[in-house]
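Just so we're clear, the structure is a prediction, and the values are computed from it rather than from any experiment. Per chain, numbering begins at 1; letters A, B, ... match sequence-line order. What you see below is based on every heavy atom in this structure, not just the backbone, and it leaves out hydrogens, waters and symmetry mates.
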Amino acid sequence: MLELRELHAGYGQMKVLHGVSLHVGEGEIVALLGSNGAGKSTLNNNISGIFRPTAGEILFDGADIAGLPPQAVVELGIVQVPEGRRIFPNLNVRENLELGSYRRARSRRGANLDHVLTVFPRLGERIDQIAGTLSGGEQQMLAIGRAMMAEPRLLILDEPSLGLSPLMVEEMFELICRLNREGLAIFLVEQNVVQSLEIADRAYVMENGLVTLDGPASALLADPELKKSYLGL
Amino acid sequence: MEFFGLTLPSYGWETVLGSAVSGVFLGAIYALVALGLTLIYGVLHIINFAHGALLMLGMYGVFFLWKLAGIDPYLAMLIVVPGGFALGYLLQRFVIGKASHGRDEIILLVTLGLSIVIENGALFFFSATERSVLVPYDLDGIDLGVTYAVWPEIAALAGSLAITGALWLFMMRTDTGRAIRAVARERRGAQLVGINVDHIFAVTFGLGTAIVAAAASLLAPTYPVHPQIGNLFVLIAFTVVVLGGMGSFVGALVGGFLIGITEQLGRLYMGESLGVITVSVIFILVLLLRPTGLFGQRSGQG
């Protein structure tokens, strides 16, 4: 479904990605793990068309989408829930959700809104509240709900558990499984290694702009090197 | 009455109220010019120095439509408002946006340069001669008791309120309006839901220009047009925007009325030339005492 081939990217003179190759198949949960500054968000923003890669290919259903503008990427069904959520703080919850279908699935806005509100009843309770006044957890729900409004084929989640309470993190990972069971392919970018590996089919580990380790999630979970470097065991 | 050594004349309340009422009519135009300016500021976070030049261009549009085709200046709105939108859209999309490479300080200079080009272009093609649109109804109106309101004044007030209301509805009820508000505060988030930010910037600039074109129509029956006419209004509109709060619609409306009333009362008490400085005094006082304006938020929003 999504395949990156030898992707190089950066900002001006600063190179961040030095030839990253990975793929996400239909219906998969694929985790991308790595510490701060490994280049995970840069990777996402190159897929989403915010930045243009300097070299390499981004294939979606076999077509190279590298360098397409963000709205064209959304139109294809690749929707990102970014780090820091990036909800519209001056708009209310309903307006935020409705704008989720600005580019894609606009004709099914009403039905999708109902669906999002059954997944997140809390957003229904706060439907007229200004989004900037929601709690961190609610804002994360809103960001995911907004992405769901576009009926994504591939959902990119950038650090969805960041800043959430342990209980909320648990709920978040359950939700990711649920969305995946509904047929959504998920590219999960996380620092939360154990919980990500528990729900993922496969995973990649990235360090300093390169993939250093990859394989089935269960194998990585048992990998002694990963345990040492990320879990301190 | 004495004021800093100046002896101010004393008037009856009818005269003062009459002055204030004509200030409301004048303020309506200021509010409309300020509305376009504050919309563009709220979304693009730039001060559009070409706003006055675009107002002047709109007034020439209205003038020539009247002169050459006999079109009533109010009816001309049907032409200059869509024309203003198209011009503003194209300017932002293909000139200002392209030339500025996303850097706000360059955008500022580009709009300043644009205003110089438009003004000198107008001087070259239209000369510095003042030209007036003559309408048969410019001295008719309604007797309000304290003052006599002519139809162009009433039209300016009604037009300003209607346009501000329509803009508010557009911003709240349509997807494009919501996208504009979204882009104003969260550009990255907007890109990630598939909003084309360049397009939204251009739509915003187009709307700002369309509004100032509407103001041009409302002004034409009472103000003669010449290449520098825009500066007069835009300087005051800047004051209105600062007073009302950068990026606030309500602020533009209330600020416009306050400035209009102040200016008229200043004229009444201190005479034509000295009266106008009251507006500048307000400008400085607001900056000193309440830099965010009456309705401003710390990070200006739509």
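If you measure heavy-atom distances from A:E75 to chain B, you find no contacts under 4.5 Å at all. Using a 4.5 Å cut-off between heavy atoms, A:I87 contacts chain B through its backbone alone, with no side-chain atom that close. For chain B, the nearby part of A:P89 is the side chain; its heavy atoms alone come within less than 4.5 Å. With a 4.5 angstrom heavy-atom cutoff, A:R106 touches chain B only via side-chain atoms. The contact between A:N45 and chain B is made entirely by side chain atoms (from C-beta outward), counting heavy-atom distances below 4.5 Å.
Atom OH of A:Y102 sits about 4.0 Å away from atom CD1 of B:I200, to the nearest 0.5 Å. Rounding to the nearest 0.5 Å gives a distance of 10.5 Å between CD of B:Q191 and CD of A:Q80.
When the shell of 6.0 Å around CZ of A:R52 is examined, it contains 12 or fewer heavy atoms from other residues, nucleotides or ligands. Applying the 6.0 Å contact sphere to CG of A:D114 captures more than 12 heavy atoms from other residues, nucleotides or ligands.
For the side-chain contact (heavy atoms from CB on, under 4.5 Å) criterion with B:V193, the lone passing option out of A:M149, A:R103, A:R146 is A:R146. In summary, of the residues considered (A:V81, A:I50, A:V74), a side-chain contact (heavy atoms from CB on, under 4.5 Å) with B:L192 occurs for A:I50 alone.
In plain terms, the two heavy atoms of A:L99 and B:A182 that are nearest each other are CD1-CB, 3.6 Å. Shortest non-hydrogen contact noted between A:Q71 and B:G194 is CB-O, 3.2 Å. In this structure, A:N90 and B:R181 approach most closely via the heavy-atom pair ND2-O, 3.1 Å.
In this structure, the side chains of B:R185 and A:L91 stay at 4.5 Å or more apart for every pair of heavy atoms. Here the side chains of A:E98 and B:R178 are in contact, with some heavy-atom distance below 4.5 Å.
A salt bridge links A:R109 with B:D175; the closest basic N to acidic carboxylate O contact falls under 4.0 Å.
Between the side chain of A:R86 and the backbone N or O of B:G189, no donor-acceptor pair lies under 3.5 Å.
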